[in-house]
Structures are given as C-alpha cells and as structure tokens.
Amino acid sequence: MKSVQILVLKSKLLKGKCMKFRRLFGLLLAFSMVLSHETFAAGGDANEPQASTNAVASGEPVTTDRLLKGTDDTSGWLMYGGNYGNWRYSPLTDINKKNVDEIVPVWLFQTGVPGAQFANSPIVVDGVMYVSAAFNNLWALDAKTGTILWHYEHDGAQDVALCCGAGNRGVAIKDDLIYMATLDAKLIAFERATGEIRWSAELEDYKKGYSATSSPLIVGDIVISGIAGGEYGVRGFISAFDAATGKKLWKRYTVPAAGEPGSETWAGDSWKTGGGPTWSTGTYDPETNLVYWGVGNPAPDWNGDVREGDNLYTNSLVALEPATGEMSWYFQFTPHDEWDYDATNPLIVDDVEVNGKSVRAVMQPNRNGYVYTLDAKTGEYLKGFQYTDRLTWSSGLDENGRPIVNEDARPKKEPGEKVCPGLAGGHNGAWTYAYNPHKKLMFVPTVESCMPVFKEDVVFVQSQPFWGGGPTTPETDDGSAYGFIAAIDPAGGEIKWKHKNEHPFAAGALATGGGIVFSGDQAGNAIALDDSTGELLWQFQTGSAVRSQPVTWKADGRQYVAIASGLGGLVPNLTGRAQNVNRGGTLVVFALPETKWFWE
C-alpha cells in the first residue's frame with residue numbers, strides 16, 4: 001500500500017506542565033500519521049487525466065498582455081492574486097451591498113480528497129475553472145456548471161516531510177499551459193485543454209526536506225516558484241524556469257553562503273541549515289519590473305543560540321530582477337527571529353500617499369503583528385504599526401522599521417509568559433487578504449492566539465524536524481483565542497473597523513467594486529461584509545471550515561463567486577478552531593438568481 005507521511009501537531013498533546021509537555025513535544029518530532037494513498041484518489045489512475053465527453057475548448061492563449069489586465073478583464077480570474085498588484089480585488093458590481101443577501105449556490109464540486117485542508121484559489125479562463133486540492137489533485141471544470149472536464153492526480157514520492165499539511169493553494173497559467181508545484185518539490189506544466197503533461201522539472205531533492213504547496217508566479221515567459229521546508233533546516237531559494245520548455249533559468253538562495261553579502265549575519269556554518277523558505281506566492285510589479293518575495297523563518301526555529309546574528313535574508317522581503325534573479329534590495333522585518341514569524345504573507349503594490357507624498361509602495365501585514373509600507377523602488381521603510389490586538393514580543397518599531405525586542409519574550413529553557421502573536425502570527429501566508437485600490441484599504445483575516453515558547457538543544461538530521469523548541473500550551477485549551485477581519489489603511493496608519501469572530505480566521509478574502517468583502521470562518525460559514533463598516537450582510541453554511549481564497553468573475557452577463565471549504569492543516573489545531581465541524585472538500589459557486597421571462 002502506498003502511503004504519505006505527514007508530520008502533524010496535535011493540539012491535544014500541547015497540554016500539561018513544562019516537563020510533561022517536553023516529553024510529548026519530543027514525541028511529536030517522530031510522530032507521523034500514515035494515510036492510505038488510495039483514500040485521496042478522486043477516481044482513475046494516478047497521473048492519467050480523466051476523460052470526459054465534454055471537450056475543453058482551449059480558448060485564446062493567455063498572453064502577457066492578458067495577464068497584465070488582471071481583474072480589469074472581469075471574464076476570468078487569471079492568477080493567484082487576481083492581478084499583478086496581488087490585490088484580490090474585482091471591479092464587478094452586479095453583486096453589491098443591496099443584493100448580496102440574495103445570492104444562492106448555483107453549483108457545487110466535491111473533491112473527494114479528505115484529510116487535508118482545501119486551501120485553493122481557483123483560476124478561471126475562457127469559461128474553464130482550474131482548481132487544485134490536497135495531494136496535488138488538479139481539475140479542469142466547466143465554470144458555468146461544475147462539470148469535470150479532466151482530472152490529474154500526482155503520483156509523486158510518498159515519503160515527503162511536511163510540517164503543516166498537504167494542501168495546494170493554486171496553479172498558474174501562461175499561453176496554453178497550466179503550472180502546478182508539488183509536494184515532492186516538482187514543477188509541472190500541463191496542456192490546459194487536456195491535462196497532458198508538457199514538462200516536469202525538479203525544484204530540489206525532496207529527500208532533503210523540501211516541498212512546495214503554493215501557486216507559481218508568471219512574469220513574461222518565465223515561471224517562478226518558491227519552496228517550503230524551513231522546519232527541516234533546508235536552505236531556502238526562489239527559482240525560475242522557461243515557461244515553454246521547463247529549462248531552469250536561475251536560482252536565488254535566501255541564505256547567503258560564506259563570503260557572500262549577508263553571510264556575516266550567520267555564526268560559523270549555521271547558514272548551511274539556515275532555513276529561509278519561500279513557501280508562498282510572490283508579487284510582480286510591471287512598473288518597477290521587480291519581483292517581490294517574502295522569506296520565512298531561520299532554522300532552527302526557536303533556538304537562535306546556534307545562529308547568532310540577524311540571519312539575512314530570513315524574515316525578509318527580497319526584491320529581485322525577474323530575468324536574472326539578482327537582488328535589487330531587501331528589507332528584514334524580524335531580525336534573528338525566534339518566534340517563527342515568517343515574512344511569507346502576501347505582498348501588495350500600489351501608489352499611495354505617505355506623509356503627504358505620493359509613492360509607489362509595497363505593503364504587508366506581517367506575521368509578527370505589524371503592518372509595513374515600503375518604497376517599492378528602493379525598499380526604504382516608510383511606515384509601520386501594530387494591527388493585532390495583542391503584541392508582546394516587541395515594544396514598537398524604530399525609525400528604520402527595526403523592531404524593539406522585548407528580551408523577556410525570547411524563548412528560554414523554561415517557558416515564560418504567553419508570547420503574542422503566537423505560532424500562526426497575526427496573519428498567515430497560508431491564506432490571503434484583499435485590497436481595495438480605490439479606498440486604499442486592506443481587508444485582513446487575522447488570528448488572535450498567544451502561546452508560551454521554549455528552546456532546547458537540537459541536532460540537524462536531514463529531512464527531520466529542526467525546531468530547537470516550540471510552543472507550549474496554546475489558547476485552544478481555554479477558548480481565549482479569537483479572530484477578526486480588519487480594514488486597514490497601511491499608508492495612513494489606521495484601522496477603520498474590525499469584524500470579530502469567536503475563532504481565528506484561516507481563510508482568505510476578496511474585495512469587489514460592489515462594496516463587498518467575501519471570506520469564510522472556521523465554523524463553515526462563507527460570509528460577505530460591508531467594506532465600509534464591517535457589517536455582516538450574508539452568510540452561508542458550507543459544511544466544513546473555510547480555508548480557501550474566494551474569487552469572482554462574470555460570464556454571460558452573470559457574476560459568480562467561488563468559495564471552497566475543507567478543514568485541515570496545522571494552524572486550526574494549534575491556534576483554535578470551531579468544534580463539531582466536519583472535514584470536507586467542497587467548492588461552492590454562488591450567483592444571484594436568474595430572472596427569466598415566462599416566454600424564455
């Protein structure tokens with residue numbers, strides 16, 4: 001029997017006194033859940049696209065010009081963030097504040113893939129939706145009816161080390177090819193019409209602890225992908241491939257080798273196992289012609305004693321030349337991170353006014369609890385402020401944006417007080433947020449869940465957890481964790497409103513010209529909020545926790561909104577989730593009811 005090994009954290013183990021917890025935490029390092037590979041199959045032989053009586057019309061090639069239009073072309077949703085600004089905003093107004101409470105499901109799609117989060121952001125092009133799910137399942141669906149056109153299931157390596165679940169957050173498209181990164185660290189290009197594989201390239205050897213879960217980024221004729229594995233002491237990187245052939249074009253490591261710029265921020269040879277994963281999707285700005293990518297934690301995560309220094313370029317934003325991968329500039333949010341505050345949350349780009357001056361800016365609500373605005377051309381720090389309710393690891397930011405660390409919050413052999421934000425951060429790159437470019441507001445689903453942390457000695461073993469400590473009792477135990485969606489003005493330094501939920505959010509968001517913010521909660525509700533007030537305007541019970549990224553498009557005069565649900569992954573178990581919620585994997589597509597005359 002084939003199987004997939006997944007390292008999982010069980011919140012029920014995170015209890016008790018420190019010594020008891022450490023024994024349990026040590027067991028976690030070796031604990032795995034073995035799940036039958038056949039359990040995840042949605043039908044058919046692995047790696048064989050499933051035939052359908054409905055042929056897939058290829059449509060027009062998705063050229064660079066089409067991608068540059070983003071969601072200004074409302075007939076589809078062509079990339080993970082909707083457009084190159086990564087706004088997750090659509091100008092569509094058919095569904096609006098006055099009628100959103102009338103939308104109804106028009107079709108549903110069941111993945112048949114249990115056991116892991118359904119965290120996808122579909123893409124929609126020329127009447128076809130491409131949606132991925134856990135364990136690298138990929139479907140082409142008729143976007144109007146949900147009819148399956150083809151299906152691919154990746155028959156990859158079965159001994160992959162995963163810290164946080166087997167979900168896949170989406171695919172990319174260029175010309176007539178669909179691109180998906182896989183759990184066993186491959187990048188695959190498919191014929192969009194049939195699902196046949198055009199080419200496959202190795203990102204890295206998965207046996208070293210590498211994996212990939214996020215959507216690639218298309219820039220011109222280049223496809224760019226990040227990598228996961230920071231919890232296993234890998235050396236992170238970003239790599240680029242020729243979109244047509246799969247030829248590797250460049251590879252940019254996020255941890256410098258000895259003698260390279262930034263290597264002085266690593267003690268001894270600690271850079272060799274320094275982490276710096278790039279597991280979320282980057283952003284491209286055509287105006288600056290730069291790719292912006294967030295970099296994750298240094299390794300080991302919680303014991304910084306073995307890696308003295310700032311540990312560049314972990315917990316940083318790196319700005320790269322897309323043709324060569326050369327670094328134009330960087331900004332480090334959390335130097336010498338000892339709390340697992342990856343900087344992998346989505347990055348947005350827009351023209352904003354800061355202190356009375358118009359500037360091209362790149363912005364991020366960081367996992368560390370601060371939201372940042374930087375000059376997109378130079379990386380200059382412009383503004384930063386706290387967006388979470390609770391933040392204890394730092395007392396603020398200095399004039400250069402460097403955090404003023406509360407030394408008492410650093411991990412110690414004996415855990416102290418709770419540290420806020422907790423392991424998942426205030427917001428997490430496993431899901432998205434939305435940005436309205438007209439109102440200059442971010443709509444950020446947040447996590448309010450704190451936890452004590454400790455450090456311990458650790459020895460590096462390839463493809464084994466390289467943590468050096470961890471969290472102790474999380475707030476899942478006493479129910480004090482919660483979440484909210486915040487409307488944030490990143491350039492102005494204000495939070496306009498908060499919509500609170502009794503559980504932390506673990507789903508993305510979508511903003512529209514109709515004044516709506518769509519998201520979903522861990523109780524299984526797809527929700528719509530008024531973007532001016534945060535008022536709840538509509539909700540629909542989907543049957544499982546919402547972990548996905550909503551999208552919208554318009555076809556044949558009708559606006560559609562897609563929201564998927566499917567409980568799973570590390571974050572809900574560790575930060576707090578609703579009880580009595582089933583696992584699942586359902587994509588629900590909503591629209592206003594059709595009005596037809598009696599003679600039609």
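A side-chain donor-acceptor contact under 3.5 Å links Ser565 and Thr542. In this structure, a donor-acceptor pair under 3.5 Å is present between the side chains of Arg169 and Thr213. Using modelled atom types and a 3.5 Å distance limit, the side chains of Asn86 and Tyr292 yield no donor-acceptor pair.
Considering only heavy atoms from C-beta on, Phe333 stays 4.5 Å or farther from Tyr370 through its side chain. Residues Leu587 and Asn120 form no side-chain contact, since every pair of their non-hydrogen atoms from C-beta on lies 4.5 Å or further apart. Here the side chains of Thr182 and Tyr206 are not in contact, with every heavy-atom distance at 4.5 Å or above. Side-chain atoms of Pro490 and Pro365, non-hydrogen and from C-beta on, never get closer than 4.5 Å to each other. The shortest distance between side-chain heavy atoms of Arg307 and His336 falls below 4.5 Å. Side-chain contact between Asn501 and Tyr482: absent, with no pair of heavy atoms (C-beta onward) separated by less than 4.5 Å. Side-chain atoms of Ser270 and Val306, non-hydrogen and from C-beta on, never get closer than 4.5 Å to each other. The side-chain heavy atoms of Pro445 and Ile485, taken from C-beta on, include a pair separated by under 4.5 Å.
Judged purely by atom type and a 3.5 angstrom limit, Asn525 has no side-chain atom pairing as donor or acceptor with the backbone of Gln539. In terms of modelled atom types and a separation under 3.5 Å, the side chain of Trp497 and the main chain of Asp531 share a donor-acceptor contact. Not one N or O on the side chain of Gln522 forms a donor-acceptor pair closer than 3.5 Å with the backbone of Ala506. A distance-only check finds a donor-acceptor pair linking the side chain of Ser280 to the backbone of Thr344 [under 3.5 Å]. Between the Tyr232 side chain and the Leu162 main chain, a donor and an acceptor come within less than 3.5 Å of each other. Counting only distance, with no hydrogens or angles, the side chain of Asn366 and the backbone of Val371 share no donor-acceptor pair below 3.5 Å. Under a 3.5 Å cut-off, the side chain of Thr392 and the backbone N or O of Cys420 do form a donor-acceptor pair. Checked by atom type and distance alone, the side chain of Asn168 pairs as donor or acceptor with a backbone atom of Ala181 at under 3.5 Å. Between the side chain of Asp342 and the main chain of Arg367, no donor-acceptor pair closer than 3.5 Å is present. A donor-acceptor pair under 3.5 Å is formed between the side chain of Gln332 and the backbone N or O of Thr314.
Comment: Glu448 does not engage Lys498 in a salt bridge, judged by the lack of any side-chain N to carboxylate O separation of less than 4.0 angstrom. For Asp310 and Arg402, the salt-bridge test passes: some basic side-chain N is under 4.0 Å from an acidic carboxylate O.
When the side chain to side chain contact (heavy atoms under 4.5 Å, CB included) test is applied to Ser463, the partners found at least two apart in sequence or on another chain are Ala161. Every side chain to side chain contact (heavy atoms under 4.5 Å, CB included) that Asp301 has, sequence neighbours left out, goes to Glu231, Asn297, Asp340, Trp467. With sequence neighbours excluded, the residues that form a ring-ring contact (aromatic ring centres under 6.0 Å, His included) with Tyr330 are Tyr313. In terms of the side chain to side chain contact (heavy atoms under 4.5 Å, CB included) criterion, residue partners of Val405 (sequence neighbours excluded) are, by chain and number, Trp339, Trp393, Glu407, Arg410. Take Lys440 and apply the side chain to side chain donor-acceptor pair (under 3.5 Å) test, not counting sequence neighbours, and it matches Asp350. Judged as a side chain to side chain contact (heavy atoms under 4.5 Å, CB included), and not counting sequence neighbours, the contacts of Asp305 are Asn303, Lys455.
In summary, of the residues considered (Val517, Leu529, Ile488), a side-chain contact (heavy atoms from CB on, under 4.5 Å) with Phe443 occurs for Val517 alone. When each of Val318, Ile224, Thr254 is paired with Thr278, the side-chain contact (heavy atoms from CB on, under 4.5 Å) condition holds for Thr254 and for no other.
Taken to the nearest 0.5 Å, the CG atom of Asn368 stands 7.5 Å off from the OG atom of Ser394. Taking CG of Leu536 as the start and CD1 of Ile527 as the end, the distance is 6.5 Å to the nearest 0.5 Å. Here Thr281 contributes atom OG1 and Gln549 contributes atom CD; the two are 9.5 Å apart, rounded to the nearest 0.5 Å. Here Phe135 contributes atom CZ and Leu183 contributes atom CG; the two are 7.0 Å apart, rounded to the nearest 0.5 Å. In this structure, CZ on Arg583 lies 9.0 Å from CD on Gln117, to the nearest 0.5 angstrom.
The shortest non-hydrogen separation linking Thr552 to Ser90 is CG2-CB, 3.4 Å. Heavy atoms only, all atoms of each residue included: Val447 and Ala424 are closest at CG1-CB, 4.5 Å. When all heavy atoms of Trp139 and Val113 are compared, the closest pair comes out as CH2-CG2, 3.9 Å. Shown here for His427 and Pro346, the closest heavy-atom pair between the two residues is NE2-CD, 4.0 Å. Of all non-hydrogen atoms in Tyr341 and Asp337, the two that sit nearest each other are N-OD2, 2.9 Å.
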Does Asn406 form a side-chain hydrogen bond (donor to acceptor under 3.5 Å, both in side chains) with Ser395? I'd like the steps, not just the answer. CA-CA 6 Å; Asn406 172 12; Ser395 61; over 6 Å; no
Stepwise side chain to side chain contact (heavy atoms under 4.5 Å, CB included) test for Asp398 and Tyr381: CA-CA 10 Å; Asp398 69 15; Tyr381 170 75; over 6 Å; no
Please lay out, stage by stage, how Met79 and Ile123 fare under the test side chain to side chain contact (heavy atoms under 4.5 Å, CB included). CA-CA 6 Å; Met79 64 184 74; Ile123 62 173; 5.6 Å; no
Using the rule given for side chain to side chain contact (heavy atoms under 4.5 Å, CB included), can you reason through Ser519 versus Val546, listing the C-alpha separation, both sets of side-chain angles and the distance that settles it, and then say yes or no? CA-CA 8 Å; Ser519 188; Val546 181; over 6 Å; no
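In this structure, Trp431 has its ring center no closer than 6.0 Å to that of Phe505. Aromatic pair Phe385/Tyr387: ring centres not closer than 6.0 Å. Checked against the 6.0 Å centroid threshold, Tyr210 and Phe237 count as a close aromatic pair.
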